[in-house]
Amino acid sequence: MLLIAQNHFQLIVEVGLILLATMIFVINLVPLSLSVVTFLSLFLSAGFAILFGTDLAFLVLSFGQHEFTHPFGPIALLAIITALASLKVMEESGVNVTRLKRIVYLLLACITVFGGAMHRSFLLLWFIGLFIGYTIISKSFRQQSILTMRRIGMFLGAALVAFGLLEIVARISGMEVFSPILRITRLAQNSLASLKLVVGNTWLIGHDPSSSYWSNSSGFADGYISLPMQFILMFGLPFPLFFGLLVTRKDTIDYMLPGIFGYAYDFGYLTFIVLLLIVLATIVIGLKILADYRRKRESKNRKYLGKEVLLIGSLTGFISQAVIGLFLFNRTVNGMALLTFMFLGSLVLAHTVTIRRDSNDAVSG
């Protein structure tokens with residue numbers, strides 16, 4: 001019974017530990033050579049380009065859409081940055097990657113267009129992620145950063161143009177779902193009420209039960225921050241869940257606030273501070289391991305090339321999702337996206353553990 005989660009918080013912790021243990025075994029037992037990691041990154045990039053494009057087509061045709069960019073956007077970023085890092089390793093080895101580079105940039109462009117048209121928060125995640133990814137790659141390979149002030153200005157200009165084009169498309173087509181201005185207006189209308197709810201009712205542990213939607217609220221882990229509903233229903237867990245029209249109530253904390261307020265409200269200030277420390281520790285640990293991989297590569301040890309480029313991609317995805325989710329849109333680290341966040345964090349931390357095979361070698365010998 002002790003292993004059965006009693007609320008959303010316990011379930012999140014248990015699933016996080018399971019993901020971490022799983023990623024440790026994957027990192028250590030699966031042969032992650034550079035060629036294998038490169039192939040997987042290209043395969044995933046192509047898959048997400050198709051997935052986001054199909055979802056956008058369904059939106060235009062009013063056939064229904066799933067907004068896959070929220071849960072899978074950071075993983076698409078992981079795939080693209082991993083592919084770009086792989087190209088850099090190949091270039092250093094003297095391999096001609098011209099054709100492969102064209103494929104990667106084509107996939108990058110497709111994901112940018114399809115995902116950005118689907119949702120504006122993805123566009124922010126994507127541009128920030130590319131900025132972080134290129135910076136990490138430049139530092140890892142001791143090259144001058146391509147992100148000069150002029151290029152950063154061009155980058156910001158491209159972002160403004162992209163948002164402007166989306167607004168024009170929204171006005172011409174009459175589809176307000178594409179309008180960035182509508183999203184900004186919606187945030188402005190709801191954010192103040194959301195802040196009042198959170199700041200006035202958040203405690204050191206949990207929140208004021210009377211401020212929650214549920215009449216039988218415990219004041220802790222009421223479901224404002226949760227794993228996917230389908231995931232909870234699959235195991236038949238008796239946790240409070242938001243359905244149907246209640247989603248508009250959940251938006252008060254799920255979408256209209258940065259994640260730092262959503263997590264603080266549902267779990268309390270103390271738990272929120274612990275979360276921030278865990279996120280910060282994961283980033284610092286990932287960067288230190290990446291520096292160790294770089295030293296091994298520069299000493300002509302090619303054993304860790306696949307792990308190095310994978311760590312660059314997963315670290316980029318994790319940092320980008322943390323920035324957007326915790327400081328801008330709570331939805332980017334909630335529900336299915338929370339599962340993605342824990343997956344990326346586990347993928348980073350898994351590099352800290354090395355399973356020794358000395359005993360197996362001795363037995364086989």
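Computation of the quantities below employed the complete heavy-atom set of this structure, encompassing side-chain atoms and omitting hydrogens, waters and symmetry-equivalent molecules. Because the structure is predicted, anything quoted here is derived from the model rather than measured.
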Hydrophobic cluster membership, with links at side-chain heavy-atom distances under 4.5 Å among I/L/V/M/F/W/Y: are [X] and [Y] in one?
X: I137; Y: L40; value: no
X: M342; Y: V353; value: yes
X: Y304; Y: V30; value: yes
X: M234; Y: M229; value: yes
X: V95; Y: L34; value: yes

Flag for T38-S86: side-chain donor and acceptor within less than 3.5 Å: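 Yes, a side-chain donor-acceptor pair sits under 3.5 Å.
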Under 3.5 Å side-chain donor-acceptor pair for N301 and S299: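 Looking only at side-chain atoms, S299 and N301 do not form any donor-acceptor pair under 3.5 Å.
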Lys/Arg N to Asp/Glu carboxylate O, E92 vs R297, below 4.0 Å: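 So E92 pairs with R297 through a salt bridge.
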Lys/Arg N to Asp/Glu carboxylate O, K296 vs D292, below 4.0 Å: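 Salt bridge between K296 and D292, a charged N being under 4.0 Å from a carboxylate O: yes.
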Residue pair [X] / [Y]: nearest heavy atoms and the distance that separates them:
X: L344; Y: P74; answer: CD1-CB, 3.6 Å
X: G73; Y: W126; answer: O-CZ3, 4.4 Å
X: S45; Y: I111; answer: O-CD1, 3.6 Å
X: L130; Y: I80; answer: CD2-CG2, 4.4 Å
X: L125; Y: L77; answer: O-CD2, 4.2 Å
X: G286; Y: L311; answer: O-CD2, 3.6 Å

W203 and Y269: CA distance, side-chain angles, deciding distance, side chain to side chain contact (heavy atoms under 4.5 Å, CB included) verdict: CA-CA 6 Å; W203 294 347; Y269 287 120; over 6 Å; no
[atom1] of [X] to [atom2] of [Y]: how many Å apart, nearest 0.5 Å?
X: L87; Y: T82; atom1: CG; atom2: OG1; result: 11.0 Å
X: L270; Y: L204; atom1: CG; atom2: CG; result: 5.0 Å
X: F68; Y: D55; atom1: CZ; atom2: CG; result: 5.5 Å
X: L328; Y: I128; atom1: CG; atom2: CD1; result: 6.5 Å
X: I278; Y: I273; atom1: CD1; atom2: CD1; result: 12.5 Å
X: I103; Y: T98; atom1: CD1; atom2: OG1; result: 11.5 Å

Under 3.5 Å, side chain of [X] to main-chain N/O of [Y], donor-acceptor pair present?
X: N334; Y: S226; value: yes
X: R294; Y: R142; value: no
X: D222; Y: Y224; value: no
X: Q321; Y: V333; value: no

Parallel, tilted or perpendicular: rings of H351 and Y293 (30°, 60°):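 Y293 and H351: perpendicular rings.
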Aromatic plane relationship, H207 with Y265 - under 30° parallel, 30 to 60° tilted, over 60° perpendicular: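 Correct class here is parallel.
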Quick one: are [X] and [Y] in side-chain contact, heavy atoms under 4.5 Å?
X: P31; Y: V36; answer: no
X: L339; Y: F343; answer: no
X: S218; Y: N7; answer: no
X: S93; Y: R302; answer: yes
X: F52; Y: L56; answer: no
X: L78; Y: T316; answer: no
X: L257; Y: L197; answer: no
X: H8; Y: D266; answer: no

Steps toward side chain to side chain contact (heavy atoms under 4.5 Å, CB included) verdict (L338, I225): CA-CA 9 Å; L338 174 57; I225 304 296; 4.3 Å; yes
F235 ring center near F231 ring center (under 6.0 Å):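 Yes, the ring of F235 comes within the 6.0 Å limit of the ring of F231, centre to centre.
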From CA spacing to verdict: side chain to side chain contact (heavy atoms under 4.5 Å, CB included), I50, F114: CA-CA 9 Å; I50 295 172; F114 298 153; over 6 Å; no
Side chain to side chain contact (heavy atoms under 4.5 Å, CB included) evaluation trace for L42 with V104: CA-CA 7 Å; L42 291 173; V104 172; 3.6 Å; yes
